[in-house]
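Report on the following structure.
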Amino acid sequence: MTDRTTLPFDDPLTTMPQPNRQVFTVTTLTSAIRTLLETTYREIWVEGEISNARVWKTGHLYFTLKDTGTQINAVMFRSTVRYLRFKPENGQYVVTRGRVTVYDPKGEYQIVCEHLEPQGLGALQLAFEQLRERLDHEGLFDTARKRPLPLLPRKIGIVTSLDGAAVKDILTVIGRRYPNTNVIISPTRVQGEGAAREIVRALGHLGGIPGVDVIIVARGGGSIEDLWAFNEELVARAITTAPVPVVSGVGHETDFTISDFVADLRAATPSAAAELVVTPKEELAAQIRRAEDRLRSAVTAGLQQRRAAIHILDRRPGLAGWPARVAGHGRYTAELSHRLNSAISSMVGRRIRDIHTVRLRLEALSIGRRLGQIRARLVSARTQLAQATRHAHTDRATRLRAAVGRLEVLSPLAVLSRGYAVCWTADRSVVVRDATAVRPGQSVTVTLHKGELDCEVRSTK
Amino acid sequence: MTDAPEPSIKDFESALSELESLVKTLEDGTLTLEKSLELFERGVKLSRYCHTRLEEAEKRIEVLTDHGEARSAPATLSDSPSETG
């Protein structure tokens with residue numbers, strides 16, 4: 001290396017003798033320098049701190065690489081920038097691989113970077129942190145954005161590889177919890193170049209299928225490189241814009257990907273994702289059954305309450321006493337009828353006695369014709385009286401029979417057969433109509449339709 | 001019974017939660033007889049819907065092609081190990 005670097009400029013006095021001095025044009029000199037630099041520093045590694053980093057509209061990245069003493073301009077062309085997994089930022093300490101070249105218009109040398117990696121933190125880790133920070137800043141991780149999962153998904157979309165264990169794990173869990181679930185898998189590669197794009201496309205397909213109302217994005221465990229697709233910004237954005245909730249189940253419990261942060265729900269593993277999405281069928285069925293049971297008993301209880309209310313109303317003084325009162329009226333009627341009968345009998349008897357007296361007196365007077373006339377009238381009067389009496393009697397008897405008939409219908413016995421009961425004092429002398437008529441501790445007898453109960457009053461209300 | 005059209009049932013979840021809140025209302029027991037019978041009928045309808053929804057899904061595992069068309073999954077997938085228990 002030493003010999004080459006010292007070749008043309010080693011000793012200008014000797015190599016460029018005065019008489020036939022070689023005069024470069026700026027262009028040829030620059031070109032010569034360029035050739036020299038480009039052949040000498042064709043593939044080198046340089047480390048330094050980034051400053052003045054900026055991406056031009058063209059997509060090329062320009063920055064200055066510096067250390068304590070000096071600096072060098074650096075450029076990374078768009079085609080290479082695309083593959084950068086982190087965003088170069090001022091202050092980052094990086095190592096770059098590239099070649100030294102000269103920018104002719106300005107006569108400046110610079111390094112064209114083919115590769116750039118952060119020192120310290122791994123490139124992927126740094127990229128991860130950067131994207132996480134940015135999306136978080138955008139609010140894509142906000143809990144308010146998280147959509148609830150459907151309780152009973154009609155169809156479950158799955159984005160994963162058909163070759164991995166993840167898909168089998170998920171199907172096993174679903175088959176166990178809810179055997180008749182409809183599942184649609186959109187197969188993708190889950191690692192390597194292009195995996196991210198496939199995942200994005202799969203999300204798009206599944207989101208457009210009617211009936212798919214939740215999507216699982218899954219992959220088994222692996223290194224950060226293996227899981228990288230799930231840290232890609234385009235995948236993250238596809239998850240946030242999916243029309244239905246997305247559950248991520250990527251890697252193991254300890255793996256966190258950007259997809260996990262933006263998903264509506266993060267599951268630790270693919271199996272866990274399936275468990276979050278599918279509620280066991282039996283659990284749902286039991287929940288419905290419980291609701292049905294409560295529904296029935298609530299209505300039944302309502303009806304029973306009403307029945308009880310009617311029963312209580314039935315026993316209120318206004319209504320409760322009526323059979324007894326009717327019975328009372330009946331007794332009163334019978335008594336009246338009896339008194340009427342005896343009144344009639346005694347009246348008739350008195351009349352008959354009066355007639356006897358009169359006849360005796362008339363006979364005693366012995367007034368011939370007048371006596372005959374009087375006797376005739378007397379006989380007729382007697383007949384009439386007897387008839388009247390008989391009629392009166394018959395009428396009363398008829399009414400009495402009717403009353404008794406009605407009474408029988410309403411008799412306590414008939415009432416008893418309908419479920420009423422008569423409460424007596426223990427010696428059966430008095431019917432208890434009023435709670436105040438008995439005292440706690442007192443014995444009462446309750447007559448039912450069939451049989452009787454000996455009871456003791458516990459309390460009165 | 002009212003002339004108002006029967007409120008439609010949106011999905012399983014809303015049906016189940018309507019059923020449960022309806023049961024709570026009924027259990028409060030402050031409704032008229034007519035209203036509670038009306039709720040009961042609605043409740044029976046909702047629970048029937050839920051049971052139907054629970055059973056109607058058809059076990060099917062499909063795989064999308066690159067063009068987004070569904071075809072049934074290869075046997076190795078759809079014959080996922082049926083677990084004991």
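Proteins get letters first, then strands, A, B, ... in listed order; numbering begins at 1 in each. Remember, predicted model here, so these are calculated numbers, not experimental data.
- Atom-to-atom distance recorded for B/L54:CG and A/T279:OG1 is 10.0 Å, nearest 0.5 angstrom.
- By the 6.0 Å contact criterion, CZ on A/R197 is open, its count of non-hydrogen atoms from other residues, nucleotides or ligands being 12 or less.
- Only the side chain of B/L37 comes within contact range of chain A, judged by heavy atoms closer than 4.5 Å.
- Note: A/Q287 leads A/R154, A/Q287, A/R290 in heavy-atom pairs under 4.5 Å with chain B.
- For the atom pair A/L284 CG and B/R53 CZ, the distance stands at 10.5 Å (nearest 0.5 Å).
- Counting heavy-atom pairs closer than 4.5 Å to chain B, the top residue among A/R289, A/K281, A/E198, A/R296 is A/K281.
- Nearest approach of B/E13 to A/L151, heavy atoms of both residues: OE1-N, 3.1 Å.
- For A/S186, the parts lying near chain B are the backbone and the side chain together; criterion is any non-hydrogen pair under 4.5 Å.
- Taking both residues in full, the closest heavy atoms of B/H51 and A/A285 are given as CE1-O, 4.5 Å, listed atom of the first, atom of the second, then distance.
- Note that CD1 of A/I158 and CD1 of B/I61 are 8.0 Å apart. Values are rounded to the nearest 0.5 Å.
- You'll find the side chain of A/L152 stays beyond 4.5 Å of the side chain of B/L16, heavy atoms only.
- From B/R48, atom CZ reaches atom CD1 of A/I288 across 13.0 Å, with rounding to the nearest 0.5 Å.
- Across all their heavy atoms, B/S36 and A/V299 have their closest contact at O-CG2, 4.2 Å.
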Inset, instruction - Output, in order, the C-alpha distance, side-chain angles, deciding distance and verdict of side chain to side chain contact (heavy atoms under 4.5 Å, CB included) for A/D213 and B/D11. - result: CA-CA 12 Å; A/D213 38 28; B/D11 54 25; over 6 Å; no
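- Side-chain contact between B/D66 and A/R201 is present, with heavy atoms from C-beta onward closer than 4.5 Å.
- By the neighbour-count criterion of 12 heavy atoms within 6.0 Å, atom NZ of A/K146 is densely surrounded, having more than that number from other residues, nucleotides or ligands.
- Residue A/I156 does not touch chain B at all, counting heavy-atom pairs closer than 4.5 Å.
- Only the side chain of B/F12 comes within less than 4.5 Å of a heavy atom of chain A; its backbone N, CA, C and O stay farther away.
- Atoms CG and CD, on A/N182 and B/E56 in that order, are 11.0 Å from each other to the nearest 0.5 Å.
- In this structure, chain A has no heavy atom under 4.5 Å from any part of B/T25.
- Looking at A/A301, neither its backbone nor its side chain comes within 4.5 Å of chain B, counting heavy atoms on both sides.
- Across all their heavy atoms, B/S47 and A/E292 have their closest contact at OG-OE2, 2.8 Å.
- In this structure, B/E20 and A/A291 approach most closely via the heavy-atom pair CG-CB, 4.3 Å.
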